[in-house]
Amino acid sequence: MSLNIIVTVKQVPDTHHIAADAMKPDGTVNRSALPAIVNPDDLHALEEALKIKERLGASVTAITMGPDNAIEVLRECLYRGADDVILLSDRRFAGSDTLATSYVLKCAIDKIGSYDLVICGHQAIDGDTAQVGPQLAEKLGVNQLTHVSEVVDVSKESITVKRSVENGHERAKSRLPVLLTVTSEANVPRPPSAKRALAFKHLDSKACDGPYENVYLEPDTCIEVDHIKEWDADAIGADAERCGISGSPTRVKKIENVVLVAGDIKQVSNDEADISEMIRELVDAHIIA
């Protein structure tokens, strides 16, 4: 028995290095100002796919949407055990919100064809919306199991998982195909394999030198280099009006940089009166109820 598993991954700015210039005036992330990393939750999604592959046998395909040098996250997937990788890159994808992103991913998965599992990270650290996975499941017309903290059992026909909920955990079972969103509780991602890194290190790439830049492939680009496929909007049959800015109803109304300085720190003694005053101030500021 062998399953076909698709894992969605994303290259994101490292939010541990946020600075005052992290956002542009239009409300989009200034990616050139921040180092790029693999979205942490997506590494847990990939690890879960690889664990299922080891248990049952599976083909694992990783896909990402982004500028050409987002190919680096696909290299990471190959180094860790993915069998195939696909980069979705087109200037028409630039500026996509969650709705447009899930549409592009849906078109790519339709092009891939047969699949049993789609596994996503719970959320991306650059947006924290946790919307792309559920929106993708809706567009694909498949069941979704979100907040997955453990895969209890999986077969060719169904999967049983443990989900994190507000007051604990619950078990849920679904027939395949199904989409999962995986949390950091699920596993510990394996490190890249030195042997696989050596095997794939010569794969060609158009990645830019230096910092992360918003450089997308030109339209009509559809090439295949060894294990790396690069598809544009035309290759996946996507409607350009549903991609990028034109397909994104989300708009940022206001941006505010919050910088903590020493003056924001207030020391409170363990005196009952001081503690009561602190609680009153927090209630008045609507920080606690």
Side-chain angles (χ1 to χ4, degrees), residues 2-17 31 34-89 105 108-109 112 115 117-126 132-133 148-151 154 180-213 215 217 223-231:
S2 181
L3 301 176
N4 292 321
I5 305 175
I6 297 171
V7 181
T8 64
V9 296
K10 185 180 182 183
Q11 188 178 52
V12 295
D14 186 354
T15 54
H16 285 105
H17 296 84
R31 297 181 184 274
L34 297 166
I37 60 171
V38 184
N39 181 54
D41 278 3
D42 296 346
L43 291 178
H44 293 284
L46 176 63
E47 178 62 25
E48 207 57 48
L50 297 175
K51 287 170 61 179
I52 294 172
K53 175 182 176 180
E54 291 168 349
R55 288 167 59 183
L56 299 177
S59 174
V60 176
T61 299
I63 61 175
T64 193
M65 186 186 86
D68 190 47
N69 55 353
I71 206 168
E72 294 307 318
V73 303
L74 298 178
R75 291 180 185 275
E76 278 291 312
C77 293
L78 287 171
Y79 298 163
R80 293 169 190 266
D83 301 293
D84 200 7
V85 292
I86 301 168
L87 173 65
L88 308 173
S89 190
L105 292 172
I109 292 173
I112 293 171
Y115 62 91
L117 288 168
V118 178
I119 307 181
C120 310
H122 169 58
Q123 63 185 28
I125 60 174
D126 58 348
V132 171
V148 173
S149 57
E150 180 185 350
V151 172
V154 62
L180 312 179
T181 68
V182 175
T183 70
S184 59
E185 295 178 72
N187 52 55
V188 176
R190 69 193 64 191
S193 160
K195 182 180 293 186
R196 291 182 67 87
L198 288 172
F200 293 117
K201 69 176 182 178
H202 295 301
L203 292 184
D204 195 13
S205 167
K206 298 178 183 176
C208 304
D209 295 329
Y212 186 100
E213 298 175 9
V215 180
L217 296 178
I223 64 175
E224 181 173 348
V225 183
D226 291 337
H227 280 72
I228 301 178
K229 302 181 181 72
E230 300 187 17
W231 293 345

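In this text the structure is predicted, and so the values were computed from the model without any measurement.
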Self-check item: All salt bridge (Lys or Arg N to Asp or Glu O under 4.0 Å) counterparts of R190, not counting sequence neighbours
Solution: E47, E54
Self-check item: Pairwise distance NZ(K53) to CG(L117) - rounded to 0.5 angstrom
Solution: 14.0 Å
Quiz item: Under 3.5 Å, is there a donor-acceptor pair between the side chain of N39 and the main chain of I125?
Solution: yes
Quiz item: Please walk me through it: do V182 and V151 pass side chain to side chain contact (heavy atoms under 4.5 Å, CB included)?
Solution: CA-CA 9 Å; V182 175; V151 172; over 6 Å; no
Self-check item: Verdict with supporting geometry, V73 and D42, side chain to side chain contact (heavy atoms under 4.5 Å, CB included)
Solution: CA-CA 10 Å; V73 303; D42 296 346; over 6 Å; no
Exercise. List for me each residue that meets side chain to side chain contact (heavy atoms under 4.5 Å, CB included) alongside E150, sequence neighbours excluded, and say none if there are none.
Key: V152, K162
Quiz item: Step by step, would you call V154 with L3 a side chain to side chain contact (heavy atoms under 4.5 Å, CB included)?
Solution: CA-CA 10 Å; V154 62; L3 301 176; 4.1 Å; yes
Quiz item: Can you tell me if K51 uses its side chain to pair, donor with acceptor, with the backbone of N187 under 3.5 Å?
Solution: no
Practice problem: Can you see which heavy atom on V7 is nearest to which on A49, and at what distance? | Solution: CG2-CB, 3.5 Å
Quiz prompt | Spatial distance of atom CG (L56) from atom CD1 (I5) [nearest 0.5 Å] | solution = 8.0 Å
Self-check item: Under 3.5 Å: donor-acceptor pair, side chain of R80, backbone of R196
Solution: no
Exercise. Among E76, E230, Q11, find the residue that satisfies the side-chain contact (heavy atoms from CB on, under 4.5 Å) test when tested with I71.
Key: E230
Quiz item: Would you say the side-chain atoms of S193 pair up with the backbone N or O of Y79, donor to acceptor, closer than 3.5 Å?
Solution: no
Quiz item: Is there a side chain to side chain contact (heavy atoms under 4.5 Å, CB included) between V12 and I37 once you walk through the steps?
Solution: CA-CA 6 Å; V12 295; I37 60 171; 3.8 Å; yes
Quiz item: Can you tell me how far the CG atom of L88 sits from the CH2 atom of W231, to the nearest 0.5 Å?
Solution: 7.5 Å
Exercise. Pick out which of V132, T181, D41, T183 makes a side-chain contact (heavy atoms from CB on, under 4.5 Å) with Q123.
Key: D41
Quiz item: Say you draw a straight line from CD1 of I86 to SG of C77; how long is it, rounded to the nearest 0.5 Å?
Solution: 11.5 Å
Quiz item: With no hydrogens and no angle check, is any side-chain donor or acceptor of D83 less than 3.5 Å from a backbone partner on V60?
Solution: yes
Quiz item: Between CD1 of I228 and CG of L74, what distance do you get to the nearest 0.5 Å?
Solution: 6.5 Å
Exercise. Determine the minimum heavy-atom distance between C120 and G133, stating which atoms define it.
Key: SG-CA, 4.1 Å
Practice problem: Considering non-hydrogen atoms only, spot the tightest contact between S2 and S59 and give its length. | Solution: OG-N, 4.2 Å
